[in-house]
Every structure is written in structure tokens, then in C-alpha cells.
Amino acid sequence: MSLKKRGSDSLQFKTHDIEELTPAMVGKEIACCGWIEDMRKLGKMTFLTVRDVTGIAQVIVKEEAQKYLEELPRQSVIRIKGKVQETKAKDFSFEINAQSIELLAKAVHPLPIDPIGRLESNIDNRLNARALDLRNQKTAAIFKIRHHVLASIRKTLGEKKFIEITTPKIIGSASEGGANLFSLEYFGKQAYLAQSPQLYKEQMTIGLERVFEISTFYRAEKSHTVRHLSEFTSVDIEAAFMDYTDVMNVLESLIVNVYNDTANNCKKEQEELEIEIKPPSAPFERITYAQALELLKKHDIKLNFGDDLQDAHLRVLGKELAGFYFIVDWPLKLKPFYIHEKDDEPDLSKSFDLQFGYLELSSGGTRLHSPEKIKSRLKEQGLDPSKFADHLRAFEWGMPPHAGWGLGLDRLMSVITKIDNIREVVLYPRDSERLSP
RNA sequence: GCCCUUGUAGUAUAGUCCGGUCUAGAAUUCGGCCCUGUCACGGCUGAGACGCGAGUUCAAAUCCCGCCAAGGGCGCCA
């Protein structure tokens with residue numbers, strides 16, 4: 001029996017992944033590996049279903065091979081050598097008649113959750129046993145989709161001439177304002193975990209013009225909701241010579257491509273999750289902040305210009321505007337110091353949020369590139385420009401006009417998979433209560 | 001930081017409102033026996049639980065209080 005050949009690779013353990021087995025191989029001797037998902041003993045023969053990451057196969061064990069079945073609990077890892085043969089099974093088009101079974105690793109029962117999901121374990125137990133939870137095909141489907149989402153994002157941004165970068169997560173200054181940062185001791189100095197690559201990605205437009213980063217960032221807020229985590233994955237772009245409408249278009253086509261790619265590449269995963277990924281049509285609806293206030297007025301919610309849109313308000317808007325939509329032209333005072341004002345209406349800003357229903361997925365805008373303007377905005381917001389000296393120096397070196405956004409990948413995942421709790425779509429979520437595993 | 005809800009075998013649950021019927025039930029998992037075409041196989045059988053502490057009561061899984069844990073909401077989230 002020859003070992004599995006995959007390009008120039010050969011695998012020591014098996015001749016085939018399970019998905020590579022076909023009814024046309026009846027009579028052929030094969031070896032494959034996987035986890036025992038189910039077992040039905042019928043006297044002098046036993047049916048196993050064995051799963052690897054590619055699929056599931058039925059194995060029949062009888063006669064002498066039955067000696068291998070002792071001490072073989074479910075979820076144990078086994079290597080099967082056998083012959084492909086025809087089957088009478090309902091759900092399989094062939095089966096493997098085992099000649100030998102090698103126990104590679106025993107699963108020690110009781111297991112902390114039901115790994116195949118017949119009894120749906122609660123999220124707490126599943127997160128405590130996350131690796132085992134990935135044997136549940138619903139859970140595995142989420143992270144297979146996530147892989148395709150990431151691949152799609154990299155493809156789209158690469159095609160649009162964005163260069164992938166990685167910026168520091170350990171930073172020396174917490175002076176940006178806004179969210180609370182985690183602090184840590186760094187060789188005797190005070191350091192912080194970055195909440196965003198904002199300043200670095202802006203600086204990188206000088207040398208690389210269009211950059212993007214996909215990384216985890218940190219926020220030390222005791223938020224207790226289904227949409228917040230202390231450690232989250234952000235997709236960030238920054239592009240020289242673009243303004244906020246340009247980067248909105250980038251975001252829009254990125255989202256549409258993600259939907260198209262996952263719709264096409266993740267058929268099995270959609271079945272597992274009992275969802276249909278339906279690509280949205282571009283352009284997404286765009287309403288201004290002022291129009292959002294008008295809409296809310298119709299629902300007897302009276303806000304003054306300059307009031308932020310609270311969660312309750314966004315829920316109302318989300319019912320009016322199903323799916324993806326942009327809220328643009330926010331009051332300047334609601335936006336961070338680096339956001340550019342509108343040329344004709346300086347109380348407004350060249351900014352946008354991308355929403356899905358009530359959920360904010362992304363925010364971005366045209367950035368200031370004049371260091372003088374940034375300094376005065378910093379002062380307006382009660383921040384000390386001297387704390388930004390490193391950053392502001394770069395603005396003296398030929399900072400191009402630029403725009404960008406940050407997109408919450410985990411929130412996007414929860415929208416795509418139609419799973420409300422963000423913890424479901426993150427392998428090992430970190431929130432104010434959970435630090436392990 | 002504030003508010004609400006929930007803690008019963010490994011898992012997921014019934015019972016809690018209205019204390020006694022609970023020696024805590026069914027399922028699944030796990031162990032043993034039987035079974036040569038299962039497919040959530042089936043049959044027989046065994047093991048396994050009231051989060052912790054204090055209280056009320058003749059009597060507490062059930063009511064009260066505290067603690068712990070979990071889930072959710074608000075706020076926070078440049």
C-alpha cells in the first residue's frame with residue numbers, strides 16, 4: 001500500500017483523506033485516520049462512523065478485526081486499514097471493511113460536552129472544552145467559514161493594491177483617549193496593549209500608500225454584551241489619495257466579495273449551520289447622520305444635532321434599514337481627533353459607520369493630514385499634542401491625503417453566520433469574565 | 001459600575017410557582033450481557049446529580065438570606 005501522495009508531500013499515516021474515497025474505489029486497500037464519531041455494535045459486527053476534517057465514512061468491523069474494538073471509546077483517534085466495499089447504508093455510498101484498527105489516541109470518558117452536538121451543550125461548557133467543541137460540525141463550520149472570509153478579504157485588498165502590514169500591539173503611550181487600554185509592565189516601563197493600529201497605519205501611507213492589517217486588538221472595557229470582547233480581530237485599511245467615499249467603496253466591494261466567496265466555497269458549512277449566505281447588493285444604502293435623526297424623529301425619538309446614536313436608537317434604525325447600510329457625515333465632535341471636517345460644513349465630518357441592522361461593523365473616514373489641524377483638534381478634545389510627538393513628526397515628512405476604516409471581523413462573522421453571540425465565532429473569546437482557556 | 005435571569009448525574013433536561021407523592025423521573029453518555037446490515041440500531045442490566053454556606057420548618061431540590069458560577073441587558077466602547 002503506497003502512502004498518501006499530495007503533490008510532493010507524502011503522509012506516513014494514511015493513503016487518503018476521507019473525502020477522497022469514492023465508490024469507484026471498491027476493492028482497493030486504503031488507510032485513513034480519524035475520530036470515532038459513532039459506534040453501533042451488532043453482535044458479531046460493528047459499524048463505526050469515522051470523521052476527519054474532510055468528511056465522514058462508515059467502517060464495518062467483523063470477524064477477526066473485532067479484536068481491535070476493545071477499549072475503543074468514541075472520539076478516540078484511530079487509523080484504519082481496510083478495503084473499500086459496497087454498502088447497504090442509507091447515508092453512505094461505500095464503506096470501509098476494516099482489516100486492522102490502530103488506536104492512536106484514546107478519548108478518556110466522560111467527555112465534558114457532547115462533541116457531536118446531539119445534546120447541545122451550553123456555551124460555557126463548550127468554551128471550556130473548545131478543542132473538543134470543534135469536533136461538533138456546526139462549530140467547525142464557523143471556523144472554516146472564517147478561514148474563507150479571511151482569504152477573501154486578503155484577495156480583495158491585494159487586488160486593490162493594498163499591502164498587508166503588522167503593527168505593534170505593545171505600545172508605550174495610552175494618550176490616544178477613548179477606550180480604556182490594558183496596561184502591562186514592560187521591562188520596568190509602563191506599556192499598553194493597542195486598541196487599534198490607527199496611528200501606525202496612517203504613517204504607513206507615506207511609504208506604502210495603501211496598507212491593511214488583520215490583527216487582534218484590545219479594549220479594557222467591562223462590556224457585558226453579545227457583541228463586545230476584550231480581544232477582538234480588526235481588519236484595518238488606510239489608503240493614500242483616497243477620501244471617505246473611496247474607502248467606503250472598497251469596504252462595500254470587500255463585503256460583497258466575502259459574501260460571494262463564502263456562499264460559493266462554503267456549501268457544506270452553510271448546510272451544517274442551516275443558513276444561506278446571500279450576497280448583498282451594492283451599493284449599500286447611505287443615509288446621513290441628519291437623516292438618521294429625522295428617521296428617529298418619526299419614531300418619537302428626539303435627538304439634538306451632536307447627540308450620539310445610542311444602542312437603543314440604532315436598534316430602531318436597524319429595523320427601518322434592514323441589512324447593510326452606511327451612516328455618513330457625522331458631527332465632527334462625535335469623531336476622533338484625526339477625522340477630517342467637511343469642507344463646506346465644518347461641523348460635520350468626512351466619516352461613516354457601516355451598520356448591519358443595529359450592529360456597527362465598521363467606522364472610517366477621511367483623515368486629517370495637516371499636522372497643524374491635528375494639533376488643534378487634539379487640544380479641542382483635551383489631549384496633549386506633545387504626547388503625540390512621534391506620530392506628528394511623520395506628518396512633517398510628506399503625509400499624503402488619506403482615508404481608511406476599521407472593520408470588526410468577529411462582528412462580521414456573526415452577521416454572516418447569523419449567530420448573535422460573538423463568543424460563538426471566536427475560538428477562545430476573552431471578555432471581562434473569561435481569561436481561560 | 002447598575003439591573004434581570006439561571007444553577008439538578010459527564011451532557012442536556014423533568015420536578016421548584018403551590019415544601020411531604022422525590023427512595024429525584026425520562027433521554028443520552030459510560031460499564032456488563034445478548035444480537036451478522038446498523039444507520040439517533042434494538043433488548044436486558046448496572047453506575048451516576050439537587051453549586052457552596054447559613055436559616056425557616058415536624059419536613060427543603062422546592063421558601064428566605066449570603067457567597068460562588070454562568071447567561072443576558074444597560075452603561076462604557078477615540
Side-chain angles (χ1 to χ4, degrees), chain A residues 37-49 56-63 65-66 70-75 85-92 95 97 107-129 132-133 136 174-181 194-196 198-199 217-230 232 234 308-312 314-315 330 332-339 349 351 353 358-360 363-365 367 374 377-378 380-383 388 406 408 411 420-424 431-434:
Chain A
E37 182 157 302
D38 209 352
M39 186 175 342
R40 290 182 282 275
K41 295 192 175 183
L42 278 80
K44 289 181 181 147
M45 66 191 228
T46 297
F47 294 96
L48 305 177
T49 52
I56 188 166
Q58 172 162 285
V59 177
I60 183 167
V61 187
K62 48 189 181 181
E63 292 157 10
Q66 298 209 98
E70 287 167 30
E71 292 290 297
L72 214 57
R74 283 170 170 82
Q75 293 305 330
Q85 68 177 30
E86 290 174 354
T87 187
K88 295 170 188 166
K90 286 175 194 159
D91 298 332
F92 298 95
E95 67 196 12
N97 191 338
V108 179
H109 288 247
L111 297 172
I113 56 176
D114 172 19
I116 63 174
R118 280 182 188 156
L119 297 172
E120 193 168 325
S121 301
N122 67 51
I123 180 108
D124 189 43
N125 284 333
R126 290 198 292 115
L127 291 177
N128 285 336
L132 182 60
D133 188 36
N136 182 326
S175 55
E176 288 179 41
N180 291 312
L181 304 192
Q195 60 166 323
S196 150
Q198 185 63 35
L199 306 186
F217 291 95
Y218 302 87
R219 178 178 45 205
E221 300 288 346
K222 286 196 172 179
S223 301
H224 200 186
T225 77
V226 291
R227 59 192 178 280
H228 288 98
L229 292 175
S230 310
F232 63 100
S234 180
D308 206 353
L309 300 184
Q310 302 290 332
D311 198 65
L314 292 172
R315 283 178 193 271
W330 290 75
L332 186 64
K333 71 166 197 176
L334 288 180
K335 288 293 169 182
F337 68 86
Y338 48 78
I339 288 287
S349 62
S351 63
D353 281 7
Y358 85 98
L359 191 63
E360 179 192 330
S363 67
R367 322 301 193 185
I374 295 178
R377 284 296 306 288
L378 281 168
E380 272 172 41
Q381 300 204 349
L383 296 167
F388 291 81
R411 287 188 177 183
D420 288 336
N421 192 335
I422 200 161
R423 277 163 263 217
E424 297 270 4
D431 60 33
S432 56
E433 310 291 337
R434 180 177 285 277

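Just so we're on the same page: letters track the sequence lines, and every chain starts at 1. Values below: all heavy atoms of this structure, side chains included; hydrogens, waters and symmetry mates excluded.
Between A27(B), G37(B), C77(B), one nucleotide has an atom nearer to the side chain of His228(A) than all others, and that is C77(B). Among U11(B), A78(B), G37(B), the nucleotide with an atom closest to any side-chain atom of Pro336(A) is A78(B). Closest to the side chain of Val226(A), from the set A70(B), C76(B), G72(B), is G72(B). Considering only the side chain of Gln58(A), G37(B) comes nearest among C30(B), G37(B), G10(B).
Between Asn421(A) and Asn122(A), the residue anchored nearer the 5' end of RNA chain B, judged by the nucleotide with its closest heavy atom, is Asn122(A).
Phosphate contact (OP1/OP2 of G1(B), side-chain N/O of Lys222(A), threshold under 4.0 Å): present. One finds no side-chain N or O of Arg118(A) lying less than 4.0 angstrom from the OP1 or OP2 phosphate oxygen of A12(B). For the OP1/OP2 pair of C74(B) and a distance below 4.0 Å, the side-chain nitrogens and oxygens of Arg227(A) include at least one atom meeting the criterion.
Pairing partner, C50(B): none, since no Watson-Crick or wobble contact has both distances short of 3.5 Å. Across all strands shown, A14(B) has no partner, as no Watson-Crick or G-U wobble contact with both distances under 3.5 Å is found. Base pairing of C44(B): its partner is G32(B), meeting the Watson-Crick or G-U wobble criterion (both donor-acceptor distances under 3.5 Å). Pair assignment for U56(B): none, as no Watson-Crick or G-U wobble contacts are both less than 3.5 Å. Nucleotide U23(B) forms a pair with no other nucleotide shown, judged by Watson-Crick or G-U wobble geometry with both contacts under 3.5 Å. Across the strands present, C68(B) finds its partner in G7(B); the criterion is a Watson-Crick or G-U wobble pair with both atom distances under 3.5 angstrom.
No side-chain donor-acceptor contact under 3.5 Å links Arg227(A) to the backbone of Ile422(A). A donor-acceptor pair under 3.5 Å is absent between the side-chain atoms of Thr87(A) and the main chain of Glu95(A), judged by distance alone.
Atom pair Asp124(A):CG and C68(B):P shows a separation of 17 Å (rounding to whole Å applied). Nucleotide G72(B) holds its C1' atom 12 Å from the CG atom of Asp420(A), rounded to whole Å. Taking atom CD on Glu221(A) and atom C1' on A78(B), their separation rounds to 11 Å, with Å as the unit. Put simply, OH on Tyr358(A) is 13 Å from C1' on C74(B), counting in whole angstrom units. Ile113(A) places its CD1 atom 10 Å from the P atom of U11(B), with the value rounded to the nearest Å. The interatomic distance linking Asp431(A) (CG) with C77(B) (C1') rounds to 14 Å, in whole Å. Look at NE2 on His224(A): it is 12 Å from C1' on A69(B), rounded to the nearest Å. Rounded to a whole Å, the CG atom of Asn97(A) is 16 Å from the P atom of U38(B).
Nucleotides C33(B) and A40(B), compared at atom P, are 26 Å apart to the nearest Å. With both ends at atom P, the span from U29(B) to U5(B) equals 36 Å, rounded to whole Å. The C1' atoms of G1(B) and C17(B) are separated by 33 Å, rounded to the nearest whole Å. Taking the C1' atoms as reference points, U8(B) lies 28 Å from C44(B), given to the whole Å. For the C1' atom pair drawn from C2(B) and G51(B), the interatomic distance equals 25 Å after rounding to whole Å. If you take atom P in C65(B) and the same atom in C3(B), they sit 15 Å apart, rounded to whole Å.
Among the protein residues, Asn180(A) comes within range of no part of the nucleic acid, since none of its heavy atoms lies under 4.0 Å from any strand. Residue contacts shown for His109(A) are limited to sugar-phosphate atoms, with no base heavy atom under 4.0 Å away. Counting non-hydrogen atoms under 4.0 angstrom, Thr87(A) reaches a base of the nucleic acid. Heavy atoms of Ile60(A) sit under 4.0 angstrom from at least one base atom. Across all strands shown, Arg423(A) has heavy atoms under 4.0 Å from sugar-phosphate atoms exclusively, and none from any base. Using a 4.0 Å heavy-atom criterion, one finds that Ser223(A) contacts the bases of the nucleic acid, with or without backbone contacts as well. Residue Gln310(A) is in sugar-phosphate contact alone, with no base atom involved, counting any heavy-atom pair closer than 4.0 Å across all strands shown. Residue-level contact check: Phe92(A) touches neither bases nor backbone, having no heavy atom under 4.0 Å from any strand. At the heavy-atom level, Glu86(A) lies nowhere under 4.0 Å from the strands shown. Residue Leu111(A) is in sugar-phosphate contact alone, with no base atom involved, counting any heavy-atom pair closer than 4.0 Å across all strands shown. Counting any heavy atom pair closer than 4.0 Å across all strands shown, Arg126(A) reaches no nucleic acid atom.
Ion pair Glu424(A)/Arg126(A) flagged as a salt bridge, since at least one NZ, NE, NH1 or NH2 atom sits closer than 4.0 Å to an Asp/Glu carboxylate oxygen. The pair Arg423(A)-Asp124(A) does not meet the salt-bridge criterion, since no charged nitrogen lies less than 4.0 angstrom from a carboxylate oxygen.
In this structure, Gln381(A) places its CD atom where more than 12 heavy-atom neighbours from other residues, nucleotides or ligands lie under 6.0 Å away. For Glu380(A), the CD atom is densely surrounded, since the number of other residues' heavy atoms within 6.0 Å is greater than 12.
In the interface, the side chain of Glu95(A) is paired with the base of G37(B) through a donor and an acceptor atom under 3.5 Å apart. Not a single donor-acceptor pair, N or O on each side, falls under 3.5 Å between the base of U11(B) and the side chain of Glu120(A).
Note: Phe388(A) and Phe337(A) have perpendicular aromatic rings, judged against thresholds of 30 and 60 degrees for the angle between ring planes.
Of the inter-residue distances, the one linking Asp38(A) atom CG with Arg118(A) atom CZ reads 4.5 Å to the nearest 0.5 angstrom.
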